[in-house]
There are 2 protein chains.
Amino acid sequence: MAGNTFHKLRDEIENGIVTGTFEPGERLDEAQLAARFGVSRTPIREALMQLSAIGLVEIRPRRGAIVVDPGPNRIFEMFEVMAELESMAGALAARRHTEEDKAAILESHSRCEHSAASEDTDSYYYDNEVFHYAIYEASHNGFLAEQCVALHRRLRPYRRLQLRVRNRMKVSFREHAAIVEAILAGDAEAARSRLRDHVAVQGDRFSDLVSNLSRREATGAGGQRR
Amino acid sequence: MAGNTFHKLRDEIENGIVTGTFEPGERLDEAQLAARFGVSRTPIREALMQLSAIGLVEIRPRRGAIVVDPGPNRIFEMFEVMAELESMAGALAARRHTEEDKAAILESHSRCEHSAASEDTDSYYYDNEVFHYAIYEASHNGFLAEQCVALHRRLRPYRRLQLRVRNRMKVSFREHAAIVEAILAGDAEAARSRLRDHVAVQGDRFSDLVSNLSRREATGAGGQRR
DNA sequence: GTCAAATTTTTTGTATACAACAGAGATCAT
DNA sequence: ATGATCTCTGTTGTATACAAAAAATTTGAC
């Protein structure tokens, strides 16, 4: 899994964006990044090109690359699509899951139970991810799984904000239980609608998200485009 | 909309892949492409990086880039996802469309009628695209619209194969009519299921597609990876 | 002191140079 | 003749160089 320099740089920068090292709206200076990573500008540019194709950074001609800052509206749109893709995966999983899929889902589900009980948000966050990935796999649609993983990854920072809301973790786990039940029972439509509700950001959860976003904004996360 | 060299190159190569100038499995030699377009290797590489991030080409470390060749299975998976995304757009459009959206849908729909009547597959192909784009817009989810356009574009060559099947054009148009009706009536679930059936590649249509694929393969389209 | 034009500086975009690696062919031993 | 190793060529990956454009700064007029 070596991956050449540009590949590692791509992951590195992508990670920096997702974890917040590079803030939304921030300008990504090529020379600066090159110095930071101890390489020349060439691989940096290649990494930025890839990130721009994914939609994580925006390259403005002759004016450099900036970290894309999706407004609350765009974030909502992304969650709306994510909900539909996940519910699709769930519906397919209900119809197509194998014994191995079942084992993987149950395994990750019980891990979630454990971290939810111990109120460890960080480890719940991780286990939750594994749980969802298990469903993607069980859909037996490789392309769908890839799309889900990519979008899930992109929404990571905002998901994280959501988990901070009081009791969200336990509610989330209860929803998981209902989803598992539907999938294992082979009830595609139940799995679909339960996953949609689980992922969608509606009503209170939307306002919670927006308020968390603006709070972050206020603490100087950027967003100002000169 | 000037776009720097690498931007134009990206579109150029992407187009070449979609239209078949570059065949699936074909190796994309950087120096060769550079000579062909009269530029240096640098912008060529940047274009290839972007295409690899989209998933159109695969960059094997130290072994060059090749045009990705999705097997029949992967193509089927992509159609399955496309069907779901389109039906989602249709469902949203049924609930959210404005007067302008309605006008755009009806306009493109009647264009389709015209080209279907005159049996002009090429112009039907184009008008059909406009029709579907109008639905994406009417969903009022910009992110969803982008995803749909990207996937639609990627499936272009295979859609084209499908249209060759006898009477497909007229059947397609009749399906459009039912979809328009559902959307304008605000019936989200009808729009969803009708669009899903319209886009999905099931039963006969799947075998037709596979047979067309293998016919193309037989005429020397490549796919051999050394 | 303020605003605008010109100049300098910085930064991007492309080309070229060079080093490291992969694949093909040649050489050699058996 | 066959198999393995070695060499050699071709291609990729990274660094550097240079040109053009945009931002910053200075200069000058009022």
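Throughout, protein chains are lettered first and strands after them, A, B, ... in sequence-line order, and every chain is numbered starting at 1.
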| task | To the nearest Å, give me how far apart NE2 (B:His7) and P (C:dT12) are. | result | 18 Å

| remark: Whole-Å distance, B:Arg27 CZ to D:dG10 C1', equals 9 Å

| said: With a 4.0 Å cut-off on N to O distance, would you call B:Arg111 and B:Glu107 a salt bridge? | reply: yes

| Distance in angstrom units between B:Glu30 CD and C:dT16 P, rounded | 15 Å

| said: From CD1 of A:Ile44 over to P of D:dG13, roughly how many Å is that when rounded to an integer? | reply: 16 Å

| field | Atom-to-atom span, CZ of A:Arg62 to P of C:dT12 - whole angstrom | value | 10 Å

| query | Using 4.0 Å as the upper bound for N to carboxylate O, is an ion pair formed by A:Arg96 and B:Glu80? | reply | yes

| field | Within residues 9-17 of chain B: residues closer than 4.0 Å to DNA chain D (heavy atoms) | value | none

| task | Could you tell me whether B:Glu129 and B:Arg159 have a side-chain N and a carboxylate O separated by less than 4.0 Å? | result | no

| field | Gap between atoms CZ and P, on A:Arg60 and D:dA21 respectively (whole Å) | value | 18 Å

| request: Check whether any side-chain N or O of A:Thr5 sits under 4.0 Å from OP1 or OP2 of D:dG13, and answer yes or no. | output: no

| Between atom CD in B:Glu46 and atom P in D:dG13, what is the gap in whole Å? | 14 Å

| A:Arg41, nearest nucleotide to its side chain (from C:dT16, D:dT12, D:dA17) | D:dA17

| task | Tell me which of A:Gly64 and A:Thr42 sits closer to the 5' end of DNA chain C, going by the nucleotide each one is nearest to. | result | A:Gly64

| Tell me: NZ of A:Lys8 to C1' of D:dG13, nearest whole Å? | 13 Å

| When you check the gap from the basic side-chain N to the acidic O, do B:Arg192 and A:Glu84 get nearer than 4.0 Å? | yes

| said: Salt bridge check, B:Glu46 against B:Arg10: does any charged N sit closer than 4.0 Å to a carboxylate O? | reply: no

| request: Could you work out which one of C:dT12, D:dT12, D:dT14 sits closest to the side chain of A:Ser40? | output: D:dT14

| field | N-O pairing of A:Glu30 and A:Arg36 below 4.0 Å | value | no

| For residues A:Ser52 and A:Glu58, is any side-chain donor paired with an opposing acceptor at under 3.5 Å? | no

